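Some notes on the structure that comes next.
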Amino acid sequence: DPQWTSDMEKIDRSLVTASRIVDSGKDFAKARDELKGVRLTFLEMRQRLKMPYLLDDVVRFHDPMEAIHLTARGKTGEQLTDADVARITALFNDAEQRWAKVQSATVDSVFAPTAERRESLNKLMASETRALDALRQALAAGDREAIAKSAQGLRGPFTALHSSFGAEKK
């Protein structure tokens, strides 16, 4: 891959920058944003090398899921505006399509999980599926309180799933 060296240098710079931010004790959100770039660079590298990896499908799901969560964050059903509900509805369609890809992803042998790990992943994925189902039902019913609650409930299961990729036991 001709971009390998420049991508690894970019990743290294991002890691150093994020580390400095954390060491300073300031703006942890900025450090998190810096690390998002690392995640996306690795995703792009694997795409170019045609290396399917379940985590990449999980990462692609992140953006619409996060936008839904942020639209509803801290709001009750009464506080959700018509524009919020319309935005959540539009984002939900994208999130649902991306989640379907996570659920149907084939696992490359290089990254194939053990049976125990696969069982753990399936449980974590089932939690996110239940959260999406709750939001789908709330949207269909037009129940703003349930929309607010279920939209805010998407991030927890996602975070558990995403974080599990760095927590494999050897």
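Note that the structure is a prediction, hence the values are computed from the model and not measured. The chain is numbered in sequence order, starting from 1.
Qualifying salt bridge (Lys or Arg N to Asp or Glu O under 4.0 Å) partners for D82, counting only residues two or more places apart in sequence or in other chains: R144. Scanning for salt bridge (Lys or Arg N to Asp or Glu O under 4.0 Å) contacts around K75 gives D84, with sequence neighbours left out. Residues satisfying the side-chain hydrogen bond (donor to acceptor under 3.5 Å, both in side chains) criterion with S127, sequence neighbours excluded, are R130. Listed by chain and number, the residues in a salt bridge (Lys or Arg N to Asp or Glu O under 4.0 Å) with K30 amount to none (sequence neighbours excluded). Partners of H62 by ring-ring contact (aromatic ring centres under 6.0 Å, His included), not counting sequence neighbours, listed by chain and number: F158. In terms of the side-chain hydrogen bond (donor to acceptor under 3.5 Å, both in side chains) criterion, residue partners of D94 (sequence neighbours excluded) are, by chain and number, R98. By the side-chain hydrogen bond (donor to acceptor under 3.5 Å, both in side chains) test, E96 is found to be paired with R136, residues two or more places apart in sequence or in another chain being considered. Here A90 pairs with nothing under the side chain to side chain contact (heavy atoms under 4.5 Å, CB included) rule; sequence neighbours left out. Under the salt bridge (Lys or Arg N to Asp or Glu O under 4.0 Å) criterion, R48 pairs with D1, D7, not counting sequence neighbours. By the side-chain hydrogen bond (donor to acceptor under 3.5 Å, both in side chains) test, Q137 is found to be paired with no residue, residues two or more places apart in sequence or in another chain being considered.
Distance OG1/T71 to CD/E66: 10.0 Å, rounded to 0.5 Å. One finds the CG atom of L43 at 8.0 Å from the CG atom of L55 (value rounded to the nearest 0.5 Å). Atom-to-atom distance recorded for T159:OG1 and L124:CG is 11.0 Å, nearest 0.5 angstrom. The CD atom of Q103 lies 9.5 Å from the CZ atom of F61; values are rounded to the nearest 0.5 Å. The distance from atom CD1 of I68 to atom CD1 of I88, rounded to the nearest 0.5 Å, is 7.0 Å.
Side-chain contact between I21 and K26 is absent, with no heavy-atom pair separated by less than 4.5 Å. A 4.5 Å side-chain heavy-atom check between L49 and W4 finds at least one atom pair inside the cut-off.
The hydrophobic cluster containing F28, built from Ile/Leu/Val/Met/Phe/Trp/Tyr side-chain heavy atoms closer than 4.5 Å, also comprises V22.
Sorted by first then second residue, the side chain to side chain donor-acceptor pair (under 3.5 Å) pairs that include residues 10-19, not counting sequence neighbours, are S14-E34.
With respect to the salt-bridge test (charged N to carboxylate O, under 4.0 angstrom), the residues K123 and E119 qualify. Ion pairing between D57 and K101 fails under the 4.0 Å rule for side-chain N and carboxylate O.
Minimum heavy-atom separation, M65 to R155: SD-CA, 3.7 Å. Shortest non-hydrogen contact noted between M45 and I11 is SD-CD1, 4.0 Å. Taking each heavy atom of S164 and R117 in turn, the nearest pair found is O-NH2, 3.2 Å. Across all their heavy atoms, S150 and A138 have their closest contact at OG-CB, 3.9 Å. Taking each heavy atom of L135 and I147 in turn, the nearest pair found is CD1-O, 4.0 Å.
Screening R46, E44, R39, M51 against D56 for a side-chain contact (heavy atoms from CB on, under 4.5 Å) leaves a single residue, R46.
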Step-by-step side chain to side chain donor-acceptor pair (under 3.5 Å) determination, E145 to T76:
CA-CA 6 Å; E145 196 58 44; T76 65; 4.7 Å; no

Evaluate the salt bridge (Lys or Arg N to Asp or Glu O under 4.0 Å) criterion for residues D33 and K36: first the C-alpha distance (whole Å), next the side-chain angles of each, then the deciding distance (0.1 Å), finally the verdict.
CA-CA 5 Å; D33 288 343; K36 280 183 191 178; 3.6 Å; yes

Stepwise, does the side chain to side chain contact (heavy atoms under 4.5 Å, CB included) test hold for R118 with L54?
CA-CA 11 Å; R118 188 68 211 190; L54 177 60; 4.1 Å; yes

Using the side chain to side chain contact (heavy atoms under 4.5 Å, CB included) rule, take H162 and V59 through it: C-alpha gap first, then chi angles, then the decisive distance, then the call.
CA-CA 8 Å; H162 185 264; V59 167; 4.1 Å; yes

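Panel note: side chain Q152, backbone A72; a donor-acceptor pair is recorded below 3.5 Å. At least one donor-acceptor pair closer than 3.5 Å links the side chain of S6 to the backbone N or O of Q3.
The hydrophobic clustering, which links ILVMFWY residues whose side-chain heavy atoms are closer than 4.5 Å, places L70 and L91 apart.
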